[in-house]
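This report concerns only the one structure given below.
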Amino acid sequence: MQILRKIAVPILAILAFLVVWEALVQINGWPNYVMASPSDLPAAYAQFWELFLIGSWQTLWRTVAGLGLAVVFGLLLGMVMGFSQIMRDALYPLLVGFNAIPKATLVPVLALLFIGQHDFNTVMMAFLISFFPIAVSVGIGLSTLEPEYRDILRSLGASRFTIFRKIALPKTLPEFFGALKVSVTLAFIGTNLVEIVSPHGRGLGALFLSGQTNSNYPLMFAVLIALAVLGIVLYYAVVALERTFAGWAERQAT
Amino acid sequence: MKNLIEIKGVRHSYKTRSGPLPVLDGLDISVPKGEFCAVVGPSGCGKSTLTRLVAGLMKPDAGEVWLDGQKVTSPRKTVGMAFQNPVLLEWRTILDNVILPLEIVAPSMPRRDRVARAEELLEMVGLSGFEAKRPSELSGGMRQRASLCRAIVHKPDVLIMDEPFGALDNFTREDLWQTMRDLRAKEPFTAVLITHDLRESAFLGDQVVVLSGRPARTQYILDIDLPQDRTIDMLYTPIAADMLHILRDQIKIAQGRDPEAA
Ligand SMILES: Nc1ncnc2c1ncn2[C@@H]1O[C@H](COP(=O)(O)OP(=O)(O)OP(=O)(O)O)[C@@H](O)[C@H]1O
Ligand SMILES: [Mg+2]
């Protein structure tokens, strides 16, 4: 019953959303180039389903690759900042400054640095845009670890690495996953940003661009919906990981 | 009898922004093997600092700490610690929390033996049946019991406790005193107990060390002349009342107040 409700409620909400959308388009008599309606979309999917599959796959793997890099780099950076006050003082302003740069400005910079390396540029952008929350949350989580937590193992002569593995890392996992949920969305945006503005791009972003160039408005809207679906899939994949590895934090909260 | 813990002329100061802060200034404590040493003193006088020095988590500026005939220069596996905050790990069950020190101290010990040892201790403190629970599912007193089990699961020579019962209500606290007394009869540790409760120090201690205000030195040592199998009722006998009176006066002196004044 509970599970049924958990699935049924979001699906009903989505259906309601589609109905309202369709109704708005019909009532206002908007032509396709203003706003496509849901009933236009199946045709677009049917016509271009192969491109959708290829594009989704390209967008997906590059987002995940960028996010993977962000996790590795963010964890390392967070550890360095978490364990050393000096490194924290040194790196924090740099990081904040970097994070403040609008990432759209990086697209041409990356494109010039690595000319023609479209896959590489896209992964880089997904990575650059998404490592910041991970680094900061891990850094703060580690540096605010109560000394007693460290002392229960340190007083037994445990090595720093053992303390990190047995205490600091698991204790920081809830913060890490909180950040990962933000990062996965950011990485997705980063991937799409590069795909959409690159002249000969790949992925769903490029499909969107081609819809625009060919004035195929239903295709553009179909891409947007596909992006939304992909974003939801990615987000809930992270939620599933969180449940598996840091589910204890959720239990504690209730 | 040989002294298991020997603290000789220990001095220590912290570096702070406004220069060095002397915290310990000439501390001498000796605890014979198997005995229970309670330490009381004014707030902020350096009691927690003392526990960190005994545990080898810090080195004193001057003086020496000896454990079992060896000078302490770094942490050692023969020490167990418990704090006011039970610091249990929420991602582990109670059983696995208790086992944690064994993973460090006895990495080759089979899981079956670890579990048996942890279950034995949990049984002693009345936590049988809670092995699979998470820390957040237990009451404060139960968490502290589990924390005590973790502190002694690896059979340490020395058990160091920093106000372990400080955050508990009175009834729970007295329950835990009795648990502590019963544990002592079965487990062969020598203990240092920091407390701000004079009745607790008299109930559990074989000796009570009173520290002066900061910077702390050993101001007074009282040997507790009560039998080993004490009861809470004994705290209400004239002899216990006299001892508590002496301790109370000593604390007033440590706080820089006149013991004759109210
Ligand atoms: N890491 C530190 N750096 C600087 N000063 C410290 C540090 N730790 C403790 N102190 C100072 O040293 C003094 C003694 O601290 P300590 O924690 O040992 O006292 P305590 O007797 O345990 O106090 P309480 O009864 O409140 O627990 C305090 O004034 C405290 O501010
Ligand atoms: Mg203290």
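Just so we're on the same page: letters track the sequence lines, and every chain starts at 1.
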Quiz item: cation-pi between A:R160 and A:F83, 6.0 Å / 45°: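 Yes, a cation-pi geometry.
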Honestly, is A:K103 close enough over A:F98, meaning NZ or CZ under 6.0 Å from the six-membered ring centre and within 45° of the axis?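 Yes, a cation-pi geometry holds between A:K103 and A:F98.
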Heavy-atom pairs under 4.5 Å with chain A, option from B:L88, B:I104, B:V87, B:T78 with the top count: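 Of B:L88, B:I104, B:V87, B:T78, B:V87 has the most heavy-atom pairs under 4.5 Å with chain A.
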Go through the atoms of A:S155 and report whether side chain, backbone, both or neither lie under 4.5 Å from a heavy atom of chain B.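 Backbone plus side chain of A:S155, per the 4.5 Å heavy-atom cut-off to chain B.
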Which answer fits A:I167, side chain, backbone, both or neither, if we ask what part of it has an atom under 4.5 Å from a heavy atom of chain B?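 For A:I167, the contact with chain B is made by backbone and side chain together.
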Part of B:E137 lying under 4.5 Å from any heavy atom of chain A: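 The answer is neither part of B:E137.
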Residue pair B:D206, B:R184: steps toward the salt bridge (Lys or Arg N to Asp or Glu O under 4.0 Å) verdict: CA-CA 12 Å; B:D206 295 306; B:R184 253 196 90 183; 3.0 Å; yes
Side chains of B:N3 and B:P32: does their closest heavy-atom pair fall under 4.5 Å?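 Touching, per the 4.5 Å side-chain cut-off.
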